[in-house]
Structure formats: C-alpha cells, structure tokens
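These notes concern the structure reproduced below.
The chains referred to below are lettered A, B, ... by the order of the sequence lines, with proteins before strands, and numbering in each begins at 1. Since we're looking at a predicted model, the values are computed, not measured.
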Amino acid sequence: MKLDERVYKELCRVPRGKVTTYGALARAVGLPNGQRIIGRIMKNNPYPGIVPCHRVVRSDGKVGGYSPGGMSGGEMIKSAMLEKEGIGISGGKIRDLDGSLFEF
DNA sequence: ATGGCGGCGGCAC
DNA sequence: AGTGCCGCCGCCA
C-alpha cells in the first residue's frame, strides 16, 4: 500500500473533536522524520470531505496550513472547522476552552 | 538516478 | 517568549 493511503487511513482514526500532528502522523506510518511528507500528502488529499485533513495541526501549537484544491487563505477556514468540532483556538494557537494549551 | 520541493520540527539566537 | 535557520525524507519532473 502506498504511503499516502496509510496516512489517510491513519488520519481517519482521529475522532471528531480531537487533533493530531504532522509528526505524530508521520511516526504512525513509520516515518519518524517525515513531517514534511505529511503536509505534502494533505495538500494532495484526494478525499476532501472524507479525510479530515483539517484535523492535522503543528506540534508547536499553531494550526498549520490548509490549502484545499490549491486555494489560499484556507487556514482561517481550518480554524473555524476545528472550533466547530469543539477545539478551542485563539490567536492562531490551539487552546482548550480554559486557555490552556491543547494536548495531543 | 539526481535535484528540487513541501500545509513541518527542533534547536539556536 | 518570539523569530529564524537548518535539517530530514519521500514524490515528481
């Protein structure tokens, strides 16, 4: 199975209301340092709407990028979606409702 | 087969 | 605490 497939599958395991990181996802598919590849794969996401690519965030607390179909400025949309799923965001950072950093 | 590139990560200022 | 820079690894020309 191609790497992409595994990543998408792995990503689907992430339940609504929770998030994962690029690095974690990379490790999950056997690439300890393949964070970049994950981003690439998200960009090429062939299953928009099926694979929750918006649920992938950066390990430093920022939401990270989002370019569905190559459109730009999708990061705000990404945050909006995350908040809809119960994930708190403020100042471009992922926060829990009480202001503490979100845990992965 | 080689080079360039990317929705990042971590350590160093 | 915030910003910058370099590193690492698979995919597509």
Inset, instruction - Check the distance between dG6(B)'s C1' and Leu3(A)'s CG and give it to me in whole angstrom. - result: 14 Å
Legend entry - N-O pairing of Arg55(A) and Glu85(A) below 4.0 Å: yes
Legend entry - Stepwise side-chain contact (heavy atoms from CB on, under 4.5 Å) test for Met42(A) and Val56(A): CA-CA 9 Å; Met42(A) 293 304 108; Val56(A) 186; 4.0 Å; yes
Legend entry - Asp4(A) and Lys2(A) ion-paired at < 4.0 Å: no
Inset, instruction - Using atom NZ of Lys2(A) as one end and atom C1' of dC11(C) as the other, report the distance to the nearest whole Å. - result: 8 Å
Legend entry - side-chain contact (heavy atoms from CB on, under 4.5 Å) partner of Val57(A), the single match among Leu82(A), Ile87(A), Thr20(A): Leu82(A)
Inset, instruction - Answer whether the closest heavy-atom distance between the side chains of Ile89(A) and Val63(A) falls below 4.5 Å. - result: yes
Legend entry - Base paired to dC11(B) (Watson-Crick or G-U; both N/O distances under 3.5 angstrom): dG4(C)
Inset, instruction - Ignoring hydrogens and angles, tell me if any N or O in the side chain of Asn44(A) forms a donor-acceptor pair with the backbone of Arg40(A) under 3.5 Å. - result: yes
Inset, instruction - Would you classify Ile37(A) as touching base, sugar-phosphate or nothing, given that sugar-phosphate means primed atoms plus P, OP1 and OP2, and contacts are heavy atoms under 4.0 Å? - result: base
Legend entry - Heavy-atom protein contacts under 4.0 Å, nucleotides 7-13 of chain B, coded B base, S sugar-phosphate only, - none: BBBS---
Inset, instruction - Using atom NZ of Lys62(A) as one end and atom P of dA1(C) as the other, report the distance to the nearest whole Å. - result: 15 Å
Inset, instruction - Determine yes or no for a side-chain-to-main-chain donor-acceptor pair under 3.5 angstrom, with Arg6(A) supplying the side chain and Val29(A) the backbone. - result: yes
Inset, instruction - Would you check if Ser79(A) and Tyr66(A) make a side-chain contact, meaning some heavy-atom pair closer than 4.5 Å? - result: no
Inset, instruction - Residues of residues 7-18 of chain A with any non-hydrogen atom less than 4.0 angstrom from an atom of DNA chain B: list those, numerically ordered, please. - result: none
